[in-house]
Asks: 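Sharing a structure, written as structure tokens. Questions coming.
Hydrogens, waters and symmetry mates are skipped; everything else that's a heavy atom, side chains included, is used. The structure presented is a predicted model; accordingly, all values stated were derived computationally and were not measured. Residue numbering restarts at 1 for every chain, and letters A, B, ... go by the order of the sequence lines.
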Amino acid sequence: MNYPLYEAEKETIKLLKNAISKLKYKCEIKLETPPQEDIGDFAFPCFNLAPIAKKSPNMIAKEIAKSIEKNKWVKKVETKGAYVNFFLDDKAIVSQTLKLVHDKKNQYGYLDKKNKKVIVEHTSANPNGPLHVGRARNPIIGDTIVRIFKAAGYNVESQFYLDDMGKQVAILTWGVNNLDKKNIPKSEYDKPDHQTVGFYQIASKLMKEDEKVSEELARIVKKLEEGDKKTIELVHKAYNPVLNGMKESMKHINITVDSYVPESNFVKDKSVDVVIEKLKNSKYCGEENNAFYLDLEPFGIQGRNTKFFFVRGDGTTLYATRDIAYHLWKAEQADILINVLGEDHKLESRQVEIALGIVGAKQTPHVIFYSFVSLPGGKMSTRRGLVVHLDDLIDECIKRAYKEVKKRRGAELTDAKMKEIAEIVGIGALRYNIIKVQPEKDIVFKWEEALNFEGNAAPFLQYAHARACSILAKSKDDIKNVNAEMLKHSSEIQLVKKLAKFPLVINEACNSYKPHIITTYLFNVASQFNQFYRDCPVLPEKDIETRRARLALVDATRIVLKNALEILGIAAPKEM
RNA sequence: GGGCCUGUAGCCUAGACUGGAUAGGGCGAUAGCCUCCUAAGCUAUAGAUCGCGGGUUCGAAUCCCGCCAGGUCCGCCA
């Protein structure tokens, strides 16, 4: 890795090590980042040395600072209380970072290829109706994780685990084949998922009221498990339009899933049977009325019922059983498994993990759980008509964005151009608003907040990018081989230092599975760029060397903004 | 009844895993900045018992215990 900050950090640690061993102290060396830029670039707290040295941390800090030898990266060492603060050579950081960004362009920030495969499973919604906002975090978080891991140098495959076996699709299939279209409530959307969901809703209601319907459904499920070709075909035909509608919605927000893996695969290839056999032979297995379960109490599972059933009394399998077979298969395909699941899947996921241990899987997945998006009136529910579809949200975001563009640029831009910008801005705002909040936080959906286009929101970042593009478009100066020493203003230096951090940010977001680290970083870059924009006029600058250096900085910022937005699946408009 | 997650200004949120520098931001509010590269921007002011109570520590938003509130799960559903 030849990113300047990596090297600077390594060198600083080396200096520290030398100084500490010269003083005959011993401790682990971990650098921190000071809370403000003017305090230093790296900090070393001396609290942990105090008991060893039997001196006050402040004293130790002074001792260490005195015995540090400077090198080409570290220019100045200061103490502040118990901290030894290191100041890097700004010139070296600035010139190397600018050069690197311009050399690597759309690859800047991305990490070395790791030659490792990652499978990210996300969304995996039942194909019985359109995606709604309650679970909208799933595809967006999942896709962002995919992009982060790609940027971090992994080979990534995204997978959608497709329920084509269970009761949900059976209900849909029954509805499509037995209900009259006239009795299905019309949807305002033309999309096939919206047109089909009515069959599911009515069938679902009938199932509860009518035992005959309930029995017919059980027969469908049983036939599916037996691998009855005609039934599978029927089910496939029923859910396919819904799935296509879901794909369309995801595509609209820049999400494509690499592969759709049907549950039935694992029934057909008998791998579920292997799982069942292994689980039945486990010492945790019990039997109750011909049904089989694992008792998970020894694994720390608590609650009313610690029994995890994996075979029904009639011999059919359950969703979780097939999920185990799926994960067993996945574990063979990749080096790292990541799942994005709703918090309601926590127990099931744990059950699968335990079962995977019992059957001897190579690995278990790292799971990112997200909490639901609820409405101010409570949880979203299709049944109670309390639902905001993902498509509603997308449309509303774009509509609102269009209004904003028209308000600001209506006199200058063509309608087609404004529509193009509205699309980019609306979708960007949607994705950004989901990602900027940690997945485990509860979100209550409010239109005003989801459609907020100011401050810490995607348009702020896109606007910074558009500003940068606009400056570059108006200049004819050559931005190659600039003299980086012309960048002296603190707004310029701070901006370059932010750009230098990008690779470290990707690394951290990847290692900690936290997409929101990217949004926080991006917001900081855009903020810093806006300060630079205020303090350092580029085009009006008379001195050509300074102007060229600033232009190079603008271009570097544009590249970082674009690359980081790309990781978030957000388009970077040239104007807005 | 039990498990897991969440609780930071009027609202939203970072920081918590790995304890340490005056708890960062944003929205909203108030007051300013467009003869100057797009004002979706910038500057300033006000606003915080870090849910409550204990404990550990030189030091706690962060670790431990108890409690309160919200979410979620504890199905031969998916």
Side-chain angles (χ1 to χ4, degrees), chain A residues 30 32 34-36 39 43 45-48 50-51 56-57 80-83 85 124-126 128 163 165-169 263 288-293 300-307 309-314 316-320 322-323 342-348 350 369 371-372 374 379 401 404-405 407-409 412 425 429 433 436-444 446 448-449 452-464 466-475 512 516-517 519-520 523-524 526-527 530-531 533-541 550 554 575-576:
Chain A
K30 226 182 125 193
E32 295 179 2
Q36 282 139 34
I39 297 178
C46 299
F47 300 103
N48 293 335
S56 81
K80 195 175 179 200
Y83 290 87
N85 294 324
S124 300
N126 280 330
N128 54 10
D163 167 29
M165 298 283 311
K167 205 176 261 177
Q168 308 298 324
V169 282
E263 275 187 57
E288 216 176 83
N289 305 325
N290 295 324
F292 292 87
Y293 63 87
I301 300 293
Q302 288 161 12
R304 285 192 212 104
N305 185 3
T306 59
K307 286 174 188 169
F309 280 89
F310 59 93
V311 178
R312 289 197 189 93
D314 64 2
T316 58
T317 59
L318 288 98
Y319 164 82
R322 301 185 293 267
D323 207 12
E343 59 178 343
D344 56 333
H345 277 67
K346 267 189 183 170
L347 179 61
E348 191 264 344
R350 177 80 186 116
F369 291 105
S371 113
F372 299 119
S374 58
K379 204 185 154 182
E404 294 288 322
V405 188
K407 190 173 84 193
R408 294 161 211 267
R409 308 291 305 278
E412 309 154 59
V425 168
N433 271 312
K436 76 172 178 184
V437 181
Q438 297 206 27
E440 57 270 21
K441 285 245 187 192
D442 299 335
I443 295 185
V444 178
K446 291 176 195 138
E448 318 87 71
E449 273 168 35
N452 169 35
F453 285 177
E454 265 153 32
N456 189 4
F460 178 86
L461 317 168
Q462 294 171 316
Y463 183 66
R467 266 184 162 176
C469 289
S470 163
I471 293 173
L472 292 164
K474 283 180 183 146
S475 169
S512 60
H516 79 276
I517 288 177
T519 58
T520 306
F523 181 72
N524 285 332
S527 280
N530 284 334
Q531 282 172 51
Y533 185 90
R534 177 199 64 208
D535 295 333
C536 309
V538 181
L539 299 178
E541 173 58 45
R550 284 183 180 167
V554 171
E575 64 176 323
M576 61 186 276

Asks: For B:C33, what is the paired nucleotide under Watson-Crick or G-U wobble rules, both distances under 3.5 Å?
Replies: B:G41
Asks: At their closest point, which heavy atom of A:Ile471 faces which heavy atom of A:Tyr533, and how far apart are they?
Replies: CD1-CE1, 3.9 Å
Asks: Could you check whether A:Val405 gets within reach of a base, just the sugar-phosphate, or nothing at all, counting any heavy atom under 4.0 Å?
Replies: base
Asks: Over all strands shown, is A:Met165 touching base, sugar-phosphate only, or nothing at heavy-atom distances under 4.0 angstrom?
Replies: nothing
Asks: Using a cut-off of 4.0 Å on non-hydrogen atoms, how would the nucleic acid contact of A:Arg350 be classed: base, sugar-phosphate, or nothing?
Replies: nothing
Asks: Which part of the nucleic acid, if any, lies within contact of A:Lys30, taking any heavy atom under 4.0 Å across all strands shown: a base, the sugar-phosphate backbone alone, or nothing?
Replies: base
Asks: Are any of the side-chain heavy atoms of A:Val405 and A:Met576 separated by less than 4.5 Å?
Replies: no
Asks: Can you label the angle between the A:Tyr293 ring and the A:Phe309 ring as parallel, tilted or perpendicular, going by 30° and 60°?
Replies: tilted
Asks: With a non-hydrogen cut-off below 4.0 angstrom, is A:Ser371 in contact with a base, only sugar-phosphate, or nothing?
Replies: nothing
Asks: Using side-chain heavy atoms (C-beta onward) and a distance below 4.5 Å, is A:Glu404 in contact with A:Val425?
Replies: no
Asks: For A:Val311, answer base if it contacts any base atom (sugar-phosphate contacts may also be present), sugar-phosphate if it contacts only those atoms, and nothing otherwise; contact means non-hydrogen atoms under 4.0 Å.
Replies: nothing
Asks: Looking across every strand, which nucleic acid part, if any, lies under 4.0 Å from A:Asn85 by heavy atom: base, sugar-phosphate, or nothing?
Replies: base
Asks: Could you give the distance separating B:G25 and B:C74 at their P atoms, to the nearest angstrom?
Replies: 43 Å
Asks: Where does the chain A footprint on RNA chain B start and end, counting 5' to 3' with a 4.0 Å heavy-atom cut-off?
Replies: B:G1 to B:A78
Asks: On a heavy-atom basis, which atom in A:Glu343 and which in A:Phe369 lie closest, and how many Å separate them?
Replies: CA-CD2, 4.2 Å
Asks: A:Phe310 near the nucleic acid: base, sugar-phosphate alone, or nothing, with a heavy-atom cut-off under 4.0 Å?
Replies: nothing
Asks: Name the nucleic acid region contacted by A:Pro537, choosing base, sugar-phosphate or nothing; use a 4.0 angstrom heavy-atom cut-off, strictly under.
Replies: base
Asks: Roughly how many Å apart are B:C67 and B:G32, using the C1' atom of each and rounding to a whole number?
Replies: 48 Å
Asks: Syn or anti for B:C34, given that syn means the glycosidic angle lies within 90° of 0?
Replies: syn
Asks: Do the non-hydrogen side-chain atoms of A:Glu348 and A:Tyr319 ever get within less than 4.5 Å of each other?
Replies: yes
